[in-house]
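Quick notes on the structure that follows.
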Number of protein chains: 2
Amino acid sequence: MTPERLSEVNQPMTEKMIPDIVVGRLPLYLRSLRQMAAEGRQVTSSQELGERLGISAAQIRKDLSQFGEFGKQGTGYHIKFLEEKLQEILHVNRDWDIAIVGAGDIGSAVARYKGFSHQGFCVAMIFDNDPKKVGTEVGDFIVKDAANMVEEIRAAGIQVAMITVPASEAQGVANKLVEAGVRAILNYAPVNLSVPSGVRVQYIDPVIHLQRMTYYLE
Amino acid sequence: MTPERLSEVNQPMTEKMIPDIVVGRLPLYLRSLRQMAAEGRQVTSSQELGERLGISAAQIRKDLSQFGEFGKQGTGYHIKFLEEKLQEILHVNRDWDIAIVGAGDIGSAVARYKGFSHQGFCVAMIFDNDPKKVGTEVGDFIVKDAANMVEEIRAAGIQVAMITVPASEAQGVANKLVEAGVRAILNYAPVNLSVPSGVRVQYIDPVIHLQRMTYYLE
DNA sequence: TAGATTGTTAATCGATTAACAATC
DNA sequence: TAGATTGTTAATCGATTAACAATC
């Protein structure tokens, strides 16, 4: 084994593997910190944050400690500072352009949604394959023809997309998005998508959420 | 201790406590079974179901075994039969009326969504507090005045609601819904809600889902 | 200083997986 | 029968919690 090879092997892993379940809680911490900042607060504690979110203080400290030391003993966490650190960790200290595919009710509502700004996202374009919709206005956008989707998304370097088409078309759209270089898909269609490893998918399906609750009703 | 009291204590728990994480997977199983049925399939296995969902076959069998024995050795599961059983377990072998609060873009899109029927849900009414919206049409509904929300929801016996108002108003709406007898809330507003125990809340916030994915992007 | 709260370790708890007898 | 797949048990794995020294 050459010295070079050896040193490669001995190199510490560039990033410690963080459990997905921990990553999943960080956006909730970030959102609560934003709310506190909006209330004019300067400092918080793992206990207070935990109470707001229904999460134990120990878990919050453990989660944060995976990424560094952000607090002060006896004092807690400086809200603005922790907010910035979480933004860096989640890579939302920049804006990600988003392509929306499907200009129906849901797609249009999301395209007009004001909640993305200052959260790391910016809707950049919306597509549909219905000739009656292509060219029409949706919020600040003109609906583009889905036929040119792959080239346009690739040319714009867009890596984040939302699928708001009927279930039957969702997998086909996902395939095109992957082809176009998209690596994160938020899927509003009620189907599981199959994508290559390296591409992330998250699902929003109100029926699934509702059925999780009716189990507890009579 | 009286005999009555004793027998109460000795009574077996009417229902074995099922972990919430297991309940959360059942709607996914149900959705996949529906898709298979729509493809004309009769029978499936824990292995096939697992492959579709990215869940291990062992876990699916374990989850289902919490509720009974629904399969046959050597054969697998009869799709229609298991579908019906899951519907019973999740209490979606009936339709739950839903009240939507907030007739903005998201609320209107959800009110027009066709995906609830035959899944256990039926949108019954939509409210807003904006005089310009009250009385207007949204899908098949006339927007009702939020001022009468508590009485109308209570009178209709509605137990399931969706919140699609701005974040600043969501907690206030939640309080009213609880007052009206609602026990399951799907919240589209980007805030954590505080509700009495016995009331279930699920959250849909695209920003949270997106931030869970950007962590893995560069 | 006294009080508060962090970051971290070890203990606990719970969820997932592997394996296999039962049996269709 | 031989092959397949269930339901279930025990083993493994991972996540949460409790506790506390460090220290602001």
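Chain letters run A, B, ... following the sequence lines, proteins first and then strands; every chain starts at 1.
- When all heavy atoms are compared, the tightest approach of A/Ala99 to A/Ile153 is CB-CD1, 3.9 Å.
- Straight-line distance from the CZ atom of B/Phe67 to the C1' atom of D/dT6: 17 Å, rounded to whole Å.
- Here A/Gln171 pairs with A/Ala174, A/Asn175, A/Leu193, A/Ser194 under the side-chain contact (heavy atoms from CB on, under 4.5 Å) rule; sequence neighbours left out.
- Residues meeting the ring pair (Phe, Tyr, Trp, His ring centres under 6.0 Å) test with B/Tyr203, sequence neighbours left out: none.
- Rounded to a whole Å, the CZ atom of A/Arg25 is 9 Å from the P atom of D/dT17.
- Applying the side-chain contact (heavy atoms from CB on, under 4.5 Å) rule to A/Asp205 yields the partners A/Pro190, A/Val207, A/Ile208, B/Arg31; only residues at least two apart in sequence or on another chain are considered.
- Separating the CG atom of B/Asp63 from the P atom of C/dT16 is a distance of 7 Å, rounded to the nearest angstrom.
- Taking the C1' atoms of five terminal pairs at each end of the helix from C/dG3-D/dC24 to C/dC24-D/dG3, the two resulting helix axes are inclined by 20°, rounded to 10°.
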Which donor-acceptor pairs under 3.5 Å do side chains of residues 67-77 of chain A form with protein atoms, sequence neighbours excluded?
none

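- When the nucleotides C/dT16, D/dT16, D/dT8 are ranked by their closest atom to the side chain of B/Glu69, D/dT8 comes out on top.
- As a whole-Å value, the separation of B/Gln47 CD from C/dA18 P is 13 Å.
- Using a cut-off of 4.0 Å between Lys/Arg side-chain N and Asp/Glu carboxylate O, A/Glu152 and A/Lys176 are scored as not salt-bridged.
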Sort me out a list of protein N/O and nucleotides 9-14 of chain C N/O pairs below 3.5 Å, or just none if empty.
none

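- Against DNA chain D, the stretch residues 26-44 of chain B makes no heavy-atom approach under 4.0 Å.
- Within the structure, a side-chain polar atom (N or O) of B/Ser56 is placed less than 4.0 Å from OP1 or OP2 of C/dT17.
- Contact of the A/Glu48 side chain with the A/Met36 side chain is registered, since non-hydrogen atoms from C-beta on lie closer than 4.5 Å.
- Considering only heavy atoms from C-beta on, A/Phe121 stays 4.5 Å or farther from A/Asp95 through its side chain.
- In this structure, A/Phe70 places its CZ atom 17 Å from C1' of C/dT5, rounding to the nearest Å.
- For the pair A/Gln211 and B/Leu30, the minimum side-chain heavy-atom distance is below 4.5 Å.
- When distances run from any side-chain atom of A/Ser65 to the nucleotides D/dA15, D/dT5, C/dG7, the shortest one goes to C/dG7.
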What string of B, S and - do you get for nucleotides 19-24 of chain D, 5' to 3', when a contact is any protein heavy atom under 4.0 Å? B--BBB
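- Note: CG (A/Leu49) to P (C/dT5) measures 13 Å, nearest angstrom.
- With sequence neighbours excluded, the residues forming a side-chain contact (heavy atoms from CB on, under 4.5 Å) with A/His209 are B/Leu186, B/Gln202, B/Ile204, listed by chain and number.
- Residue A/Tyr77 places at least one side-chain N or O closer than 4.0 Å to OP1 or OP2 of C/dG7.
- Here the shortest heavy-atom pairing between A/Arg34 and A/Glu83 reads NE-OE2, 3.4 Å.
- Between the CD1 atom of A/Ile21 and the P atom of D/dT17 there is a distance of 11 Å, rounded to whole Å.
- B/Leu26 places a side-chain heavy atom less than 4.5 Å from the side chain of B/Ile89.
- For A/Arg25, the side-chain contact (heavy atoms from CB on, under 4.5 Å) partners two or more places apart in sequence, or in a different chain, are A/Ile21, A/Val22, A/Tyr29, A/Ile55, A/Gln59, A/Asp63.
- Residue A/Ser46 forms a side chain to side chain donor-acceptor pair (under 3.5 Å) with just one option from A/Glu51, A/Lys62, A/Arg61, and that option is A/Arg61.
- Using a distance-only test at 3.5 Å, with no hydrogens or angles considered, no donor-acceptor pair links the side chain of B/Asp20 to the main chain of B/Gly24.
- C/dG7 atom C1' lies 12 Å from atom CD of A/Gln66, rounded to whole Å.
- Side-chain atoms of A/His91 do not come within 3.5 Å of backbone N or O of B/Glu218 as any donor-acceptor pair.
- Scanning for salt bridge (charged side-chain N to carboxylate O under 4.0 Å, His left out) contacts around A/Glu88 gives A/Lys85, with sequence neighbours left out.
- Close to D/dT6, at under 4.0 Å from its OP1 or OP2, lies a side-chain N or O of B/Ser46.
- Nearest nucleotide to the A/Gln59 side chain, out of D/dG7, C/dT16, D/dT17: D/dT17.
- Taking a 4.0 Å limit (strictly below) on heavy-atom distances, residues 78-91 of chain A does not reach DNA chain C anywhere.
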